[in-house]
Amino acid sequence: MIPYGRQDIRQEDIDAVVEVLQSDFLTQGPKNPEFEHRLTDFVGAAHGIAVNSATSALHIACLALDLGPGDMLWTSPITFVASANCALYCGADVDFVDIDPDTFNMCPVKLAEKLEEAAKSGTLPKIIIPVHMCGQSCDMAAIGALARQYGVAVIEDASHAIGGKYQGRPIGDCAHSDITVFSFHPVKIITSAEGGMAVTQDALLAEKMALLRSHGITRDPDRMTKAPDGPWYYEQIDLGFNYRMTELQAVLGLSQMSRLEEYVRQRNLLAEYYDQELRDLPLKTPVRLKDCYSSFHLYIIQLDDADRHVTVFEGLKARNIGVNLHYIPVHLQPYYRNLGFAEGQFPIAENYYSRAISIPLYPTIEPADRDIVIQAIKDCTAK
């Protein structure tokens with residue numbers, strides 16, 4: 001089976017992890033801040049908070065922005081469920097903004113229309129989470145301008161997008177957002193086995209997220225409610241979580257950072273090859289925006305004929321091509337239907353779902369496997 005994505009673990013990664021295993025620190029040691037600094041230097045952010053998953057990063061980002069009961073968060077219906085669930089974790093409500101049919105990202109026009117209506121009815125969201133689907137940035141200048149106009153906070157879900165750029169600047173510099181979140185799941189651009197990071201330019205937000213990451217406990221006397229009883233003293237000053245990243249995860253992510261730019265370059269080369277080889281088939285290949293440099297976490301084709309979606313998908317699986325579908329619209333999940341969402345509310349996302357297939361794309365794919373994928377797609381889409 002040729003998978004749709006896979007990690008690239010090399011000897012230098014293994015050596016780095018073994019070195020930590022033989023050190024004094026397995027949990028929170030020197031590799032965590034080293035990884036945070038390496039990544040924030042790369043993206044141009046002032047602060048980074050490494051955690052055990054991007055889901056955890058989204059959760060503490062929402063809490064740092066004071067999301068809670070009675071508040072509303074908007075995100076894209078085409079995303080992994082965590083982008084919406086993080087609102088529910090905080091006791092807030094969630095809604096969605098339909099996507100742009102070319103990029104699969106949150107549509108700024110739809111967002112503008114929805115914000116205008118929400119302002120009239122007094123139901124503006126507290127936070128918007130645009131998702132950089134497949135690794136290509138949303139139109140963050142437009143989204144950021146709308147957020148400022150209506151007084152809404154922005155968290156960029158860049159789980160797919162480490163190493164990508166928007167308007168020539170690294171995704172993660174938070175030029176149009178309050179916080180950006182990255183994922184280091186094994187099929188992402190770089191991996192820490194599991195892990196995530198929230199980055200920000202705001203020192204206060206970083207301080208809040210760091211506190212929430214580790215049980216809400218501080219050893220900083222300046223933040224305590226009284227003078228310490230002794231050098232052993234600590235205080236829990238908030239209700240936090242055990243979202244810490246281990247040293248093993250941090251050093252693996254740190255090792256992989258040295259190859260990040262090469263990974264993204266290879267992904268873009270493979271995407272260009274797919275574009276060329278699939279151009280005359282009854283399908284649509286990904287649209288690249290001029291002001292974006294995608295990290296190409298995913299390469300998604302959309303079939304011209306939605307009626308052949310299942311047939312083509314099953315045909316590729318039968319040929320040992322590990323295709324996938326990213327994603328089932330969140331509002332169609334049973335849990336969200338029980339919250340009142342229904343089919344027909346976000347028609348562009350639903351049309352995308354009826355046609356989309358993620359095909360194998362990763363830096364270490366063998367040329368022979370790449371060509372097997374292409375021939376399989378040609379065979380399965382032929383009428």
Side-chain angles (χ1 to χ4, degrees), residues 4 74-85 94-117 128-139 142-143 157 159-161 271 274-275 278-289 292 294 296-317 321 323-361 377-378 380-383:
Y4 82 86
W74 292 357
T75 189
S76 168
I78 298 299
T79 183
F80 188 59
V81 293
S83 308
N85 289 349
V94 66
D95 200 358
F96 303 95
V97 179
D98 214 345
I99 62 170
D100 179 282
D102 290 330
T103 64
F104 325 140
N105 286 334
M106 181 182 286
C107 176
V109 175
K110 297 285 187 185
L111 176 62
E113 293 170 352
K114 191 158 183 155
L115 284 168
E116 184 177 0
E117 290 301 312
I128 298 169
I129 300 185
V131 179
H132 301 324
M133 185 67 180
C134 305
Q136 180 164 244
S137 177
C138 296
D139 185 351
I143 291 172
D157 186 342
S159 295
H160 293 187
Y274 279 153
D275 289 346
L278 302 177
R279 68 187 186 281
D280 296 325
L281 301 183
L283 54 82
K284 183 178 180 181
T285 55
V287 173
R288 292 176 182 75
L289 301 181
C292 293
S294 177
F296 265 108
H297 164 52
L298 298 171
Y299 189 99
I300 295 176
I301 59 173
Q302 292 187 91
L303 303 179
D304 292 348
D305 186 355
D307 291 339
R308 302 199 65 220
H309 194 204
V310 174
T311 301
V312 172
F313 193 98
E314 290 179 342
L316 291 169
K317 282 281 192 180
I321 310 301
V323 290
N324 210 327
L325 200 161
H326 299 87
Y327 295 95
I328 300 169
V330 179
H331 69 285
L332 299 183
Q333 293 289 352
Y335 187 88
Y336 281 85
R337 287 180 184 268
N338 289 338
L339 295 179
F341 293 99
E343 195 167 345
Q345 289 181 298
F346 306 99
I348 303 174
E350 291 168 27
N351 182 62
Y352 160 89
Y353 172 56
S354 71
R355 302 170 186 272
I357 300 176
S358 302
I359 67 173
L361 185 144
I377 295 171
K378 290 178 178 179
C380 291
T381 56
K383 293 187 177 179

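We count residues from 1, following the sequence as given.
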Determine whether Y4 and L361 make a side-chain contact, defined as any pair of heavy atoms from C-beta on separated by less than 4.5 Å.
no

Does the side chain of K378 reach to within under 4.5 Å of the side chain of L281, using non-hydrogen atoms?
yes

Side chain to side chain, T79 and V330, heavy atoms closer than 4.5 Å
yes

What pair of heavy atoms forms the shortest contact from P130 to I143, and how long is it?
CB-CD1, 3.9 Å

Determine which pairs satisfy side-chain hydrogen bond (donor to acceptor under 3.5 Å, both in side chains) with at least one residue from residues 342-353, sequence neighbours left out, and list them in order.
H331-E350, N351-R355

Between F80 and Y327, what is the ring plane arrangement, given parallel below 30°, perpendicular above 60°, and tilted in between?
tilted

Would you please classify the geometry between the Y299 ring and the F296 ring as parallel, tilted or perpendicular, with 30° and 60° separating the classes?
parallel

Atom CD1 in I99, atom SG in C107: separation rounded to 0.5 Å?
9.5 Å

Minimum side-chain heavy-atom gap T285-Y274 below 4.5 Å
no

Can you tell me how far apart CG (N324) and CG (L316) are? Round to the nearest 0.5 Å.
12.0 Å

With rounding to the nearest 0.5 Å, note down the distance linking CD in Q302 to CD1 in I357.
10.5 Å

Counting only heavy atoms not in K317 (residues, nucleotides, ligands), do more than 12 fall under 6.0 Å from its NZ?
yes

Determine the minimum heavy-atom distance between T381 and P282, stating which atoms define it.
O-CG, 3.6 Å

Interatomic distance, I301 atom CD1 to L278 atom CG [nearest 0.5 angstrom]
6.5 Å

Check the pair I321 / I359 against side-chain contact (heavy atoms from CB on, under 4.5 Å), numbers first and verdict last.
CA-CA 8 Å; I321 310 301; I359 67 173; 5.7 Å; no

When the ring planes of F341 and F346 are compared, do they come out parallel, tilted or perpendicular, using 30° and 60° as the limits?
tilted

Heavy-atom closest pair (K114 atom, V97 atom, distance to 0.1 Å) is CD-CG2, 4.1 Å

If the plane angle is over 60° it's perpendicular, under 30° parallel, otherwise tilted; pick one for H326 and H297.
perpendicular

How close do C380 and V312 get, heavy atom to heavy atom, and via which atoms?
O-CG2, 3.5 Å

Can you name the closest pair of heavy atoms from F104 and S76 and give their distance?
O-OG, 4.5 Å

Looking only at heavy atoms, the pair that brings D275 and P286 closest together is OD1-CD, 4.2 Å

Quick check for you: to the nearest 0.5 Å, what is the distance between H160 atom NE2 and M133 atom CE?
5.5 Å

Using modelled atom types and a 3.5 Å cut-off, is there a donor and acceptor pairing between side-chain atoms of D157 and backbone atoms of I129?
no

Is it true that D100 and K110 make a salt bridge, defined as a side-chain N closer than 4.0 Å to a carboxylate O?
no

CG (L339) and CZ (R337) are apart, to the nearest 0.5 Å, by 12.0 Å

